[in-house]
Number of protein chains: 2
Amino acid sequence: MNLADFKVGVDNVIFSVDSQEHRLLVLLVKREENPFINQWSLPGTLVRKGESLEASAQRILAEKIRVNNLYLEQLYTFGGPHRDPRESPDSFGVRYLSVSYFALVRFEEAQLLSNNNHKTTWHIVQEVPQLGFDHNEILAYGYQRLRNKLEYSPIAFEILPELFTLNDLYQVYSTILGENFADYSNFRSRLLKLGFLIDTEKKVSRGAGRPASLYRFDAEAFAPFKDKPFVFV
Amino acid sequence: MNLADFKVGVDNVIFSVDSQEHRLLVLLVKREENPFINQWSLPGTLVRKGESLEASAQRILAEKIRVNNLYLEQLYTFGGPHRDPRESPDSFGVRYLSVSYFALVRFEEAQLLSNNNHKTTWHIVQEVPQLGFDHNEILAYGYQRLRNKLEYSPIAFEILPELFTLNDLYQVYSTILGENFADYSNFRSRLLKLGFLIDTEKKVSRGAGRPASLYRFDAEAFAPFKDKPFVFV
DNA sequence: GCAAAAGTGTTTCCTTTACACCCATGG
DNA sequence: CCATGGGTGTAAAGGAAACACTTTTGC
């Protein structure tokens, strides 16, 4: 039989938004073994016996950070021969295939675990260095997916607290999509008109200025918009 | 080491549009071996040594049909344990993982090969039977992707001839997306305004009625719209 | 009172949608 | 000449973009 034998790896592109600093972050680990020792790379692992792909992605995520809420979805599968230097040169030995996952986690609650010597840290997406393997490519793909998802899926609410102000929401959007999209005032009216944000009437004051209303995302009211194109811009 | 060992399969969701009959078709094969013998399934194969995933997808496609033009892209990777009955019950033997690809081919030129006893035939997408493995799920996913792609990518031109009428184009769109989208007149003006369809001034007459202009897709003029959201609706 | 942040409203412009209508050809 | 399909134009409605203005708080 001339079928290829594979080990399957899972690589996670884990994003988070630091609203205070207005920065989009991605989690990287410094490799402690070959190949690419001492280079930054996406947190990844090889799939174990009896473990599903997604369970594997969850496991590596749980090893690096402790989170209460996250959004996780499969990205892409990279699997040509020669993509991993551990393969034998003629690729007639074991092949390494990578299924990448894309995650979005709450920054405030994401505690970095086992962070001895800063081997696992957040990096500003626009300033990531050269990564091991083909991870720069995977990251670029994930970044693109993140921006698309944000526009037509309610993933922002996955990383916002239960109650949030409209400015909190705006910060998430403008941090990820960049400054060149709708201004705050138009963003407000569009979202409120859609009707899936519930004003709880509770007010919160943050320093000077008028106190803001706290809103809640109503998943049921959002249902009609599922799969519909471009809810926000 | 408790890492899982994988064989990697590739399953193709191959779509085609029969404009005459106004039907969207998907290519299915009748399985001639176990598991799921005599059931319909997506054409698939296992990846060979030294073969990339995409090359594997191309190979199975070339075995079933001969085409001159096609669009091919990766869909999704299904890889939980227990998805393939060939796996040992406790999944501690070899695992089977499926990377699915999605293709769109020209109907007129797609000659079905090795079609002894109609083991490989086109099926109307809305009427596919129960398939082997998790292939109904993969097909549903591919169908969704096809509709999305059509709205913001120029994949329709991949399966149209070099020169086509605006009605030919409209037929592709309405066949795939269903009847409930823009009428022909508005479809015309929107696309022409975008400026990447070149009127060759050549006319073609098909029975009664005014002869139609033949148009050409200008890839360079389309470039600015790449990745931009919703060019058509 | 004044700066700062939240929230509302208005004006302009552009796109979408639903049609009506004209044009060129075969039979 | 009329049915058939190709092609153009337009009026009404709706949404996006820019920005001015009001409200409510801290200091």
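Each chain gets a letter, A, B and so on, in the order the sequences are listed, and its residues count up from 1.
Proximity of B:Trp122 to B:Ser16: side-chain heavy atoms (C-beta onward) are separated by under 4.5 Å at one or more points. Side-chain contact between B:Glu54 and B:Gln74 is absent, with no heavy atoms from C-beta onward closer than 4.5 Å.
Cation-pi check for B:Arg147 over B:Tyr143 is met; the charged atom lies under 6.0 angstrom from the ring centroid and within 45 degrees of its normal.
Computed from coordinates, the A:Lys202 NZ to C:dG7 C1' distance equals 20 Å when rounded to whole Å. In this structure, B:Leu191 places its CG atom 14 Å from P of C:dT17, rounding to the nearest Å. As rounded to whole Å, 13 Å separates atom P of D:dA17 from atom CZ of A:Phe187. Across the protein-nucleic acid pair, A:Tyr184 atom OH and C:dG9 atom P stand 15 Å apart, rounded to whole Å. Rounded to whole angstrom, the span from the CG atom of B:Asn167 across to the P atom of D:dT4 amounts to 15 Å. Following rounding to the nearest Å, B:Arg190 (CZ) and C:dT15 (C1') show an atom-to-atom distance of 9 Å. We find that CZ of A:Phe181 is positioned 11 Å from P of D:dA17, with the value rounded to whole Å. Residue B:Lys203 contributes atom NZ, which lies 14 Å from atom P of C:dC23 at whole-angstrom precision.
Between the base of D:dG9 and the side chain of B:Ser189 there is no donor-acceptor pair shorter than 3.5 Å. Between the side chain of A:Ser205 and the base of D:dT24, no donor-acceptor pair under 3.5 Å is found. Side-chain N/O atoms of B:Ser213 and base N/O atoms of D:dG7 include no donor-acceptor pair closer than 3.5 Å.
The residue among A:Ser185 and A:Pro211 whose nearest nucleotide of DNA chain D is located toward the 5' end is A:Ser185. Summary of the strand contacts: B:Gly207 and A:Tyr215 both lie near DNA chain C, and taking for each the nucleotide with the nearest heavy atom, the more 5' one is attributed to A:Tyr215. Comparing B:Arg210 and A:Thr165 by the nucleotide of DNA chain C whose heavy atom lies nearest to each, the residue mapping closer to the 5' end is A:Thr165.
An OP1 or OP2 oxygen of C:dA6 is reached within less than 4.0 angstrom by no side-chain nitrogen or oxygen of A:Arg188. Here A:Asn186 does not reach the OP1 or OP2 of D:dA18: none of its side-chain N or O atoms lies under 4.0 Å away.
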**Prompt:** Can you check side chain to side chain contact (heavy atoms under 4.5 Å, CB included) on A:Leu214 and A:Lys203, steps first, answer last?
**Reply:** CA-CA 6 Å; A:Leu214 287 170; A:Lys203 306 291 179 185; over 6 Å; no
**Asked** Checking side chain to side chain contact (heavy atoms under 4.5 Å, CB included) for the pair B:Leu197/B:Leu166: CA distance, chi angles, key distance, verdict?
**Response** CA-CA 9 Å; B:Leu197 293 183; B:Leu166 285 178; 3.7 Å; yes
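Across D:dT25, C:dG26, D:dA20, the shortest atom-to-atom separation from the side chain of B:Ala208 is found for C:dG26. Which of D:dC19, C:dC19, C:dT25 sits closest to the side chain of B:Asp183 comes down to C:dC19.
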